[in-house]
Amino acid sequence: MTSKLLRGRVLTFVDEPKGARDEDSYRYFEDGSILVVDGKIAAVGEYARLKDETAGVELIDHRPHLLMAGFIDTHIHFPQVQVIASWGAQLLDWLNTYTFPEESKFSDPEHCARMAGRFFDELLKHGTTTAVAYCSVHDTSVDAYFAEAAARNLRMIGGKVMMDRNAPEAVRDTPQSSYDLSKSLIARWHGAGRALYAISPRFAITSTPEQMEMAGALATEHPDCFVQTHLSENHGEIALTRELYPWARDYLDVYERYGLLGPRSLFGHCIHLEDREKSAMAETGSVAVFCPTSNLFLGSGLYDEAGLRDLGVRRAIATDVGGGTNYSMLRSLDEGYKILQLRGQSLSPLNSFYWTTLGNARALGLEDKIGTLDTGTEADVVVLDSRATSAMALRMETVGTLSEELFVLQTLGDDRAVVETYSAGEAQLSGIRN
């Protein structure tokens with residue numbers, strides 16, 4: 001049995017904040033500690049209470065830093081690590097010009113392995129301990145993704161994209177091969193250690209009706225797997241979907257027809273939804289995933305958080321690298337705040353940090369495992385320094401509340417604010433940063 005006691009200022013959420021000052025939504029310990037035993041949280045509370053119960057246990061003192069549950073990224077593209085920061089196009093042109101050529105390289109196992117190492121380095125440097133990733137069309141990319149995650153004992157979700165049209169041959173499969181490969185990968189990886197599989201038809205434009213049927217069959221046969229795809233990101237995408245599926249009432253109806261809606265279904269973007277689509281998502285428990293930096297970078301539009309919330313649609317937030325411009329959930333929260341400001345909506349600091357921890361965990365149905373520091377959950381922890389840069393330190397001289405500090409981290413923070421990232425209780429950054 002391995003044990004350690006992490007000491008610092010400890011913050012964990014217990015519910016979604018109902019306002020900017022909802023103190024009932026979280027627990028905060030000014031001098032707190034987290035007891036980790038065999039990769040799980042055994043206790044959390046005031047250090048003065050726990051220190052006598054943990055005599056002889058290794059103590060790691062992170063004071064004066066803030067300890068929280070590790071960040072969760074609910075939409076990211078593993079094969080786009082060398083696509084990020086590609087200039088000058090909106091969605092469909094950007095895919096054809098940059099993304100598909102890069103994804104074709106993932107047929108090479110050596111390339112996959114190298115990119116997987118770098119991908120997880122970036123996630124951990126930015127405090128992200130769980131991500132939901134699209135891999136490429138190749139099974140080699142999925143194997144590399146999950147193998148590297150297993151080597152670091154990370155709770156990761158992912159799957160091979162299914163894509164049989166409107167893309168170069170090097171990144172296309174067929175309806176049958178997409179089914180067969182996905183089925184094999186599910187058997188190999190879903191539930192292996194901390195790995196979970198996501199059935200991943202990329203989006204309606206790149207899948208024929210025959211392939212969508214295969215995706216629906218997989219979802220029916222494996223109801224404990226996730227489903228991930230894209231929805232209503234861009235006006236051109238919506239128009240092309242209407243041409244390809246003329247029978248559909250709207251974009252979401254394509255996925256609905258093939259049985260792909262439900263509580264484990266994650267729909268990236270959801271910017272330009274019609275009223276019927278919103279109602280259908282709410283009724284089925286499907287999740288709308290907000291991708292702020294990507295939406296701004298590709299000029300896709302402004303997400304309506306309040307409108308979806310008021311209709312009871314479940315929501316998550318994500319980076320969407322490589323259309324997204326930063327691996328940091330802090331940067332995503334910052335840009336999300338600005339988008340909602342433009343819509344006349346509010347995103348409080350408490351709501352921001354709830355969203356990227358317990359909120360995203362709830363969206364995934366994994367709140368019993370991640371997103372919180374509750375006893376019995378997996379010990380994924382991020383340590384944050386709100387004085388990491390000179391600008392942050394200067395601003396912190398005038399900060400008087402926890403909420404103000406969180407807003408400094410959200411607005412000015414990035415990977416420099418991440419002191420350490422723990423996965424299942426094991427520190428991850430020393431080898432990466434040396």
Pick out which of Phe120, Phe106, Trp189 makes a ring-ring contact (aromatic ring centres under 6.0 Å, His included) with Tyr145.
-> Phe120
Ion pair Arg188/Asp143, N-O distance below 4.0 Å = yes
Please round to the nearest 0.5 Å and tell me the distance separating atom OG of Ser294 and atom CD1 of Ile76.
-> 11.0 Å
If you measure from OG1 on Thr293 to NZ on Lys338, what distance do you get to the nearest 0.5 Å?
-> 11.0 Å
Determine whether the side chains of Thr12 and Thr372 contain a donor N or O and an acceptor N or O closer than 3.5 Å.
-> yes
Does a side chain donor of either Asp224 or His190 reach within less than 3.5 Å of an acceptor in the other side chain?
-> yes
Is Glu148 salt-bridged to Arg152, going by a charged N under 4.0 Å from an acidic O?
-> yes
Arg49 atom CZ, neighbour heavy-atom count above 12 within 6.0 Å | yes
Output yes when a side-chain donor or acceptor of Gln345 lies under 3.5 Å from a complementary backbone atom of Glu305, and no otherwise.
-> yes
More than 12 heavy atoms of other groups within 6.0 Å of Arg118 CZ | no
Are Glu378 and Arg194 ion-paired here, with the side-chain N under 4.0 Å from a carboxylate O?
-> yes
Just by distance, with hydrogens left out, do Tyr337 and Ser352 show a side-chain donor and acceptor under 3.5 Å apart?
-> no
Could you tell me how the ring of Phe267 sits relative to the ring of Tyr255: parallel (under 30°), tilted (30 to 60°) or perpendicular (over 60°)?
-> tilted
Check the side chains of Glu103 and Tyr134 for a donor-acceptor pair under 3.5 angstrom, ignoring hydrogens and angles.
-> no
Result for side-chain contact (heavy atoms from CB on, under 4.5 Å) between Thr130 and one of Ile370, Leu196, Leu154 points to Ile370
Check: Pro263 main-chain N/O paired with Arg314 side-chain donor or acceptor under 3.5 Å = yes
With distance as the sole test, does Thr140 use its side chain to make a donor-acceptor pair with the main-chain N or O of Asp108 at under 3.5 Å?
-> no
Salt-bridge criterion met for Asp415 and Arg331 (N-O under 4.0 Å) | no
Among side-chain atoms of His138 and Ser136, is any donor-acceptor pair under 3.5 angstrom?
-> yes
Salt bridge between Asp374 and Arg27, side-chain N to carboxylate O under 4.0 Å?
-> yes
Out of curiosity, Gln410 CD to Leu384 CG, how far, rounded to the nearest 0.5 Å?
-> 12.0 Å
Between the main-chain N or O of Leu330 and the side-chain N or O of Asp334, is there a donor-acceptor pair closer than 3.5 Å?
-> no
Is atom NZ of Lys4 surrounded by more than 12 heavy atoms (other residues, nucleotides or ligands) closer than 6.0 Å?
-> yes
Kindly indicate, with the supporting measurements, whether the criterion salt bridge (Lys or Arg N to Asp or Glu O under 4.0 Å) is fulfilled by Arg9 and Glu405.
-> CA-CA 12 Å; Arg9 294 184 299 121; Glu405 179 181 1; 2.6 Å; yes
Do Asp173 and Gln211 meet the criterion of a side-chain donor-acceptor pair at a distance under 3.5 Å?
-> yes
Take the angle between the ring planes of Tyr197 and Phe146 and call it parallel below 30°, perpendicular above 60°, tilted in between.
-> tilted
Please determine, by modelled atom types, if Glu237 and Tyr251 share a side-chain donor-acceptor pair under 3.5 angstrom.
-> yes
Taking the side chain as every heavy atom from C-beta outward, state whether Ile34 and Val36 have any pair of such atoms under 4.5 Å apart.
-> yes
For Ser328 and Asp414, test the side chains for any donor-to-acceptor distance below 3.5 angstrom and give the result as yes or no.
-> no
Say whether Thr401 and Ser403, considering side chains only, have a donor N or O and an acceptor N or O under 3.5 Å apart.
-> no
Could you tell me the separation between the OG atom of Ser386 and the CD atom of Glu404, rounded to the nearest 0.5 Å?
-> 11.5 Å
Without swapping roles, check the side chain of Asp73 against the backbone of Thr319 for a donor-acceptor pair under 3.5 Å.
-> yes
Going from SG on Cys225 to CG on Leu218, what distance comes out if it is rounded to the nearest 0.5 angstrom?
-> 8.5 Å
Find out whether Asp380 and Ile72 are in side-chain contact, i.e. whether some heavy atom of one side chain is under 4.5 Å from a heavy atom of the other.
-> no
Spacing of CZ belonging to Arg63 relative to OG belonging to Ser33, to within rounding of 0.5 Å | 11.0 Å
